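When reading the values below, keep in mind they use all heavy atoms of this one structure, side chains included, and skip hydrogens, waters and symmetry mates. Letters A, B, ... are given to chains in the order of the sequence lines, protein chains preceding strands, and every chain is numbered from 1. Worth saying up front: this structure is predicted, and the values here are computed from it rather than measured.
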Number of protein chains: 2
Amino acid sequence: MVVSLGPRFLAIDWGTTNRRVYLIEDGAVARTERDDRGVTAVAKGGFEAEAAAVRERFGDLPMLLAGMVGSNIGWRAAPYVAAPAGFGALAEAVLWLDPRTGIVPGLSVVADGRGDVMRGEEVQLLGAVAAGLAPADALLCQPGTHCKWAEMAGGEVACFTTAMTGELFALLRKHGLLAAQLGGEVTPGDAFLAGVEEGKRRDLAASLFGIRAAGLLGLRDDADAAAFASGLLIGGDVGARLAGSAHDTVHILADPGLGGLYALAVEAHGRAARLVDSHAAFAAGIIRIGELIA
Amino acid sequence: MVVSLGPRFLAIDWGTTNRRVYLIEDGAVARTERDDRGVTAVAKGGFEAEAAAVRERFGDLPMLLAGMVGSNIGWRAAPYVAAPAGFGALAEAVLWLDPRTGIVPGLSVVADGRGDVMRGEEVQLLGAVAAGLAPADALLCQPGTHCKWAEMAGGEVACFTTAMTGELFALLRKHGLLAAQLGGEVTPGDAFLAGVEEGKRRDLAASLFGIRAAGLLGLRDDADAAAFASGLLIGGDVGARLAGSAHDTVHILADPGLGGLYALAVEAHGRAARLVDSHAAFAAGIIRIGELIA
């Protein structure tokens, strides 16, 4: 399919629960809008109408989509490109639904029989380097429900690991033994840091029961339990990843709230943390892919 | 309160979801019966009537209760006795609801600011040694929703650790990203052992996402995902506990199904496993406590 985006196009970072639309004009973001029309909010067969509605609001332009919209719960399943991969491999493998609507592929990695996948994060990761927000050789972290950690080498995604850190926290907060204790706020204070320390034991199932025991024995105020649990989970994630990486700095693509918690945990492990604007990274990445297609 | 049980009494191992009644006569089990009238099946204020119904079926005898019946979701909260502790400390601290009805206390342990608790398992642990089913100095394991690991020293419970292994598996099987993959049977085969190997990484949040990725990338049949996840969780639990113990044998108090899975994981970590009859252990323990009271 011969396609060309031209200097004006729409980019959508279309995730599971949220969506952000960018109007790109001459290599810059002219307008952006976030809403909650993520993939799970769109009925099967409803994506054409969603795309048409976006074009009505932003202009009848070509469109480049990234994220879970390209999964089997999205519009259509785009392939995974095997890492190591850079912009060229992504641009080549864009799945064109029609000559004006393309989905950026995800990335996969398989090593020693163990596999991993991502969708949408690859645009941010490559974009962060392209925009000069992170070095070409670096360890990048994208906290969230499924936290992504990527080793960038020569500006490409060399390999990556996903941890279900955020999902585990959400599950424990909603269901099971600890739910009643974990209603408190998560703040970047002493309880969080105590959890990070406990996470260094790498013994999650036992450390979690310790939260229950601490409540029963009066060893910790239950108001601090959620912050401790968050520190335990984030700390365990950070510790496992840093044990396998020689980089002295972690570049964190996240909002200041969650990004700040990860930064604290990184510092508690003796490395430096730098927050990176993930929206700027996405925009830089999708603009570069657009240039390669145009 | 001056009490005496005499040679005939009723013992109830009264847990969260199940209950087992033992009629003890002259230091032996004369009759036993299991039902699902666990603590959560009994309405607040309903325990007197439950005990009366048991006495109607088994005889109007003194009663010794152990387990979650002595928690704040049970009949009445019995105290925790601090480990190290043996039969003497338990017998002394029995909570008498009336001169014919006592609740055996639980155990607690606090070390380096980290705490743990148990209720009901202490009777089994001490009973296993008293009955000669385990040595006086040994590592004992009680698999389950909240898996207990106890270091026995001189026949007492020296210290112990609880891991939420079974609860995590149940949460993941019912809720969240992996639920759709984890419906398969857990058998003690290759997939389970592959999970045990993965568990040695002590990186649970990442290994769990790996189950998702393996499904998406076709690296493992989803029919094997539940066995792999079970191996991952049990293997992680076993590995963490063995790392802190010099014992070359683990004595496992469990039914052959779950006990067999733990035994496989123990052997995969290069130690020996021996299954112990947990009902015989409970009976021996409660009989010994009865003797100390009588």
Item to complete: Please look at B/His175 and chain A and tell me whether the side chain, the backbone, both or neither of the residue comes under 4.5 angstrom of a heavy atom of that chain.
Response: both
Worksheet item: Between A/Glu167 (side chain) and B/Gly176 (backbone), is there a donor-acceptor pair under 3.5 Å?
Response: no
Response to the item:
Value for CG (B/Leu216) from CZ (A/Arg119), rounded to nearest 0.5 Å, stands at 8.0 Å
Worksheet entry | Within 6.0 angstrom of A/Asp255 CG, more than 12 heavy atoms from elsewhere | yes
Worksheet, complete the sentence: One option among A/Asn72, A/Leu171, A/Leu178 has the most heavy-atom pairs under 4.5 Å with chain B, and it is A/Leu171
Practice prompt. Against chain B, label A/Val109 side chain, backbone, both or neither, depending on which of its atoms sit under 4.5 Å from a heavy atom there.
Written response: backbone
Worksheet item: Checking A/Thr161 against chain B: side chain, backbone, both or neither under 4.5 Å from a heavy atom?
Response: side chain
Fill in: Top contributor to chain A interface from B/Thr165, B/Asp116, B/Thr145 [non-hydrogen pairs under 4.5 Å]
B/Asp116
Fill in: Most chain B-contacting option - heavy-atom pairs closer than 4.5 Å, from A/Arg201, A/Arg241, A/Arg212, A/Lys174
A/Arg201
Worksheet item: Would a 4.5 Å heavy-atom cut-off, applied to side chains only, mark A/Leu204 and B/Arg202 as touching?
Response: no
Fill in: Atom pair NE2/CG of A/His146 and B/Leu177 - distance to nearest 0.5 Å
4.5 Å
Practice prompt. Find the distance between CZ (B/Arg114) and CZ (A/Phe209) and round it off to the nearest 0.5 Å.
Written response: 12.5 Å
Worksheet entry | Gap separating the CG atom of B/Leu168 from the CG atom of A/Leu208, nearest 0.5 angstrom | 6.0 Å
Item to complete: Check B/Gly115 against A/Leu217 and note the closest heavy-atom contact, atom names and distance.
Response: CA-CD1, 4.1 Å
Worksheet entry | Leading residue by heavy atom contact count with chain A [cutoff under 4.5 Å; candidates B/Ala214, B/Ala194, B/Ala213, B/Ala163] | B/Ala163
Worksheet item: Do the non-hydrogen side-chain atoms of B/Met164 and A/Leu172 ever get within less than 4.5 Å of each other?
Response: yes
Item to complete: Name, in order of residue number, those residues of residues 218-237 of chain A that have a heavy atom at a distance of less than 4.5 Å from a heavy atom in chain B; otherwise write 'none'.
Response: A/Leu219
